[in-house]
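The structure appears right after this line, and notes come after that.
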Amino acid sequence: STTTIGGYLATRLEQIGIKNHFVVPGDYNLVLLDKLQENPNLDEVNCCNELNCSFAAEGYARANGVAAVVVTFSVGAFSAFNGIGSACGENLPVILIAGSPNTNDPHDHNLLHHTIGTYDLDYEFEMAKKITCAAVQVKHAEDAPRLIDHAIRECLSKQKPCYIEIPTNMSAVACAPPGPIEGVLQQLPSEENTLKAAVDAAAELINSRLKPILLAGPKLKCAGAQHAFLRLAESLGCAVAVLPSAKSLFPEDHPQYVGVYWGQVSTKKADAILEWSDLTVCAGCIFTDYSTTGWTSLQPAAHRLEADFDNVKFPNHYYGQIKLKDFLDALADKVTRNDSSMEEYQRIRPSPTLVQAAEPTALINRKEMARQIQQLIDSNTTLFAETGDSWFNGILMDLPHGAKFEAEMMWGSIGWSVPASFGYSMAVPDRKIITMVGDGSFQVTAQEVSLMVRLKKPIIIFLINNYGYTIEVEIHDGPYNNIKNWNYAALIEAFNAGDGNARGYQVKTGGELAEAIEKAKSNLHGPTLIEVQIHRDDCTSELITWGHYVALANARPPK
Ligand SMILES: C/C(NCc1cnc(C)nc1N)=C(/S)[C@H](O)COP(=O)(O)OP(=O)(O)O
Ligand SMILES: [Mg+2]
């Protein structure tokens, strides 16, 4: 039997666990969209534009492990490149599928619509190569199975986005049917001699130190190494801190959890205990200017063992071709228990700060808003924190067992959280989702709330209206940080257009906020946007401190 190239791709998407693919149609991808829809186990989800489409797929991949977005040539792909950049920086396997011009056009020397007006139609493919781990153009039917399988295999094994370009006249062309999916899923295992050498050397280093500590990084997730990390933590018995981009990858109710390590803006004195230790075992960590508060909190290499996605390094040692999960699992069986950093932490652990409820009639402020959001988080909640002071409000939240936290701390493209939380909700419909997003970010992707309306997603959106770009104000202020205010709550009615269940509230006091939250809890058939209006400078003290150091890092004179 044979299948079509579009049918082949649809089967592969289904086999790797995709149920929803995110699309914006265009004449270069319509036949392909038909082929995907013909697969009974795939359902397309329309987005308002390709920026939101790529962010929705990125969010879907955070919950589902892999996602696909289908766009049209150039005008679609160029917007989608933003979300693919995010997937690349955030280590998420998102498959970007682009419909492209008819294969005859280059030979016929035709100029085409949706292009930059050149005869060379490979520019998109060339650009995609820069932001994916594999990019293919399916120009001949006999090559289709090999190219599609290659792109998907690389995407899954490297946990990075890939690019598959399918000309409009190829989607319905016959090709060989897909072979067993195992041929696509197969991955290179850890090389066992290297793994053993790495574990022996690392165990010797850790056992030789007086007060080691563990630091969880974001790649624990794409490496599937969270459980192995927990095992290592429990066999070592030491204090465990997480990077801000790894919040919720280690349970915050765990007795060994000591907080988010973010330099001077760490939580629960995690920075003190980490500075006290004489070895930081970093697992899946990514150290950037933002995650080190302008490079002010990077441990010296002599005090760091870095176990990464597929390699381990520490002073005078490097081991490649070993998987993080295997390394942490084997190390858990070799380390000697040493809880000295936990003992010390018990001496310096700060007592929990109980925030008093504000007077219900008092003007709402950030502190009261955060206090009320904290009460909303339960074991089934995923909290999305948009780039902005929402990062800091989010990091400061305490997560009960099972609660999850999503932020885009590498890519940091404002507007991500609205489509991303929508896409995430498509993968895990039973999860409770709370999105904290600033006014500036919301203005970038607001229209995706209409898809939450269409698919009846009861996402609770806290729209923090501080009348501008407050992060930028704290880093470096100027007239450009002031934005035009919207009536955000009224916008929701526009998205309902008479047949939706979304609700929008503007709150000015703590009492009004509490009421709006109660209404949000009972709105199960659509999103609820709660616009919290606070003073322009009413931000976390952490943002002010962090902004100062990041601004210094940005201002370093050229060498
Ligand atoms: C403009 C920008 N960053 C620069 C930027 C510009 N463009 C894109 C796509 N992404 C970016 N991060 C940022 S963080 C704003 O302060 C966000 O404002 P808002 O959403 O209102 O949040 P806060 O007020 O809490 O900062
Ligand atoms: Mg703002």
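Sequential numbering from 1 along the given sequence is applied to the chain's residues. Below, all heavy atoms of this structure are taken into account, side chains as well, without hydrogens, waters or symmetry copies. When a ligand or atom number is given, it counts from 1 through the structure's own listing order.
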Hey, is the Mg ion (ligand 2) within less than 2.8 Å of some N/O/S atom on G440? no

So, do F55 and W411 have ring centers that fall under 6.0 Å from each other? no

Taking both backbone and side-chain atoms into account, decide whether S441 has an N/O/S atom under 2.8 Å from the Mg ion (ligand 2). no

Charged N-O contact under 4.0 Å between K158 and E154: yes

Ring-ring centroid check H113 Y28, cutoff 6.0 Å: yes

Could you walk me through whether Y60 and Y424 satisfy the ring pair (Phe, Tyr, Trp, His ring centres under 6.0 Å) test, starting with their C-alpha distance in whole Å, then the side-chain angles of each, then the deciding distance to 0.1 Å, before giving a yes or no? CA-CA 4 Å; Y60 185 88; Y424 186 98; 9.4 Å; no

K221 with E406: basic N within carboxylate O range, under 4.0 Å: yes

Establish, yes or no, whether a centroid distance under 6.0 Å links the rings of W295 and F287. no

Does the pair D477/R536 count as a salt bridge with the N-to-O cut at 4.0 Å? yes

Restricting to N, O or S atoms, which atom of D439 is closest to the Mg ion (ligand 2)? OD1

What residues sit with at least one heavy atom under 4.0 Å from ligand 1? T387, G388, D389, G412, S413, I414, G438, D439, G440, S441, N466, G468, Y469, T470, I471, E472

Please work out the angle at the Mg ion (ligand 2) defined by atom O of G468 on one side and atom OD1 of N466 on the other, rounded to 10°. 90°

Consider only side-chain N and O atoms of Q264 and T293, and report whether a donor and an acceptor are under 3.5 Å apart. no

